[in-house]
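Notes follow once the structure below has been shown.
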Amino acid sequence: MPDTPGTPRTAPGSCPVSGTTSGAAPVVSGAARETASGTARDTASGGARETASGAAPEAGSGAAPVVSGTASAPTAVPAPAPVPELFSWEFASDPYPAYAWLREHAPVHRTRLPSGVEAWLVTRYADARQALADQRLSKNPVHHAEPGKTGIPGERSAGLMTHLLNIDPPDHTRLRRLVSKAFTPRRVAAFAPRVQELTDRLIDSFAARGSADLIHEFAFPLPIYAICDMLGVPAEDQDDFRDWAGMMIRHGGGPRGGVARSVKKIRGYLAELIHRKREDLGQDDGADDLISGLIRASDHGDHLTEAEAVAMCFVLLFAGFETTINLIGNGTYALLRNPEQRARLQSSLAAGETGLLETGVEELLRYDGPVELATWRYATTGLTIGGQPIPAGDPVLVVLAAADRDPERFGAPDVLDLGRKDNQHLGYGHGIHYCLGAPLARLEGQTALATLLTRLPDLRLGVDPDELRWRGGLIMRGLRTLPVEFTPSAHR
């Protein structure tokens with residue numbers, strides 16, 4: 001989590017589904033990144049080098065004016081502020097100063113990503129909200145000249161393109177309606193006792209030890225086992241899912257092939273499981289897991305095809321587990337770095353109140369949320385965002401982390417305030433592509449944080465913050481590890 005102003009941030013490591021979608025680790029040198037000297041990528045409007053004002057400095061007249069026959073001193077031109085370095089390891093540890101610069105000087109900014117793809121970064125809240133709802137920005141990578149360099153690695157070759165992150169209306173409308181019939185708020189609410197059971201079981205596994213890595217021992221396994229249970233993955237197969245998900249995390253900041261191999265394994269397993277459940281439903285219609293619900297879902301006689309069901313289950317797993325890992329990890333880190341807010345929440349929980357927990361999770365999503373950039377969008381026609389013309393075919397990436405720190409929308413945006421009112425953050429998107437799994441992620445985040453702070457009340461960082469590493473990447477934002485210490489306690 002970003003710290004309050006003046007607190008040093010930590011250095012990063014490898015990337016998450018974030019980097020998974022960018023497909024390459026942050027670049028520390030070379031032409032694929034912007035330099036700290038101030039050289040920016042050329043914009044589509046002309047190729048002028050951007051300065052602090054967003055335009056190239058004008059050339060002088062070539063001769064100084066003469067007064068009383070004596071040449072006067074040339075007028076001093078302030079040196080342009082350097083364009084922040086993007087996508088380096090240092091940037092990944094604390095991107096917020098760079099995003100503040102972009103919001104002020106280049107709010108819609110064309111840059112070259114570590115993968116080599118050039119895209120527009122949208123950083124102001126008002127522009128971001130507009131872009132997220134603008135249907136001229138397609139989710140379908142067919143509108144990009146190099147679709148294989150964007151999106152989830154391996155999804156194209158694995159036949160997983162027909163999911164909600166990649167399609168537009170009317171196909172998106174049809175699929176979302178069918179999926180919503182199975183993935184209901186009622187189903188999520190009924191799942192709460194199971195999430196609490198998994199949370200307590202994981203804490204039990206390290207509570208007596210007095211130390212743990214909260215990412216690997218808690219934040220990572222909790223959403224994996226939860227989504228597996230909800231989908232209906234048999235218990236004996238869930239460790240395989242954990243291994244595949246771990247491979248996606250570990251390879252997220254590296255070559256796209258590492259993630260693609262895991263994608264193919266998950267796709268093959270899901271296809272077999274869905275086929276088996278479809279056959280079982282013909283004999284027993286009482287199964288209540290999400291996959292069975294997706295198979296049964298019908299809208300005026302319309303059903304998901306088997307390929308659509310596989311793609312939807314995959315994206316629920318892929319998009320769901322890492323956001324929750326980062327929500328728990330980033331959220332816990334932010335609370336440990338803001339002890340007065342952490343004490344405020346613990347007092348509220350001790351009094352049996354839930355209001356501050358609910359607003360607190362929303363504030364953690366805004367302050368240093370799990371999703372740094374919204375997933376890929378592509379201009380289907382020429383359009384303008386924030387006064388900047390965007391040519392047809394160009395990729396657009398909405399920087400949620402920058403928009404949610406915009407001082408034009410949020411008072412004291414760099415301060416963590418768990419009781420913040422009017423907190424319409426963009427952490428789970430906006431418009432027709434608003435995150436379908438947000439209720440489940442909120443349930444898991446609230447349960448995890450409340451249980452940690454209640455059962456391990458003196459939880460504290462086990463290392464100096466400067467020793468922590470962030471997974472450098474593009475879409476997601478999260479810590480690689482989070483070592484903590486606490487007074488050992490018995491199992492529940």
>> Taking the six-membered ring of Tyr125 as reference, does the cationic atom of Arg405 (NZ for Lys, CZ for Arg) lie under 6.0 Å from its centre and within 45° of its axis?
In response: no
> Salt bridge between Arg344 and Asp417, side-chain N to carboxylate O under 4.0 Å?
Replying inline: yes
>> Restricting to non-hydrogen atoms, name the atom on His109 and the atom on Leu86 that form the minimum distance, rounded to 0.1 Å.
In response: CD2-CD1, 4.4 Å
> What pair of heavy atoms forms the shortest contact from Gly329 to Ala219, and how long is it?
Replying inline: N-CB, 4.3 Å
> For Arg477, which of Asp368, Leu373, Val371 qualifies under side-chain contact (heavy atoms from CB on, under 4.5 Å)?
Replying inline: Asp368
> Taking all non-hydrogen atoms of both residues, which atom of Ile328 and which atom of Glu444 are closest, and how far apart?
Replying inline: CD1-O, 4.4 Å
>> How close do Gly478 and Asn330 get, counting heavy atoms only, and between which atoms?
In response: CA-OD1, 3.5 Å
>> Regarding Arg110 and Asp394, does a basic nitrogen lie under 4.0 Å from an acidic carboxylate oxygen?
In response: yes
>> Any carboxylate oxygen within less than 4.0 angstrom of a Lys/Arg side-chain nitrogen, looking at Arg442 and Glu358?
In response: no
> Between Tyr99 and Phe91, is the ring centre distance below 6.0 Å?
Replying inline: yes
> Is it the case that Thr481 and Asp213 place a side-chain donor and acceptor less than 3.5 Å from each other?
Replying inline: no
> If you take all heavy atoms of Pro391 and Ala379, which pair is closest and at what distance?
Replying inline: O-CB, 3.5 Å
> Can you tell me if Arg242 and Tyr225 form a side-chain donor-acceptor pair at under 3.5 Å?
Replying inline: yes
>> Less than 4.0 angstrom from a charged side-chain N to a carboxylate O is my criterion; do Asp422 and Arg409 meet it?
In response: yes
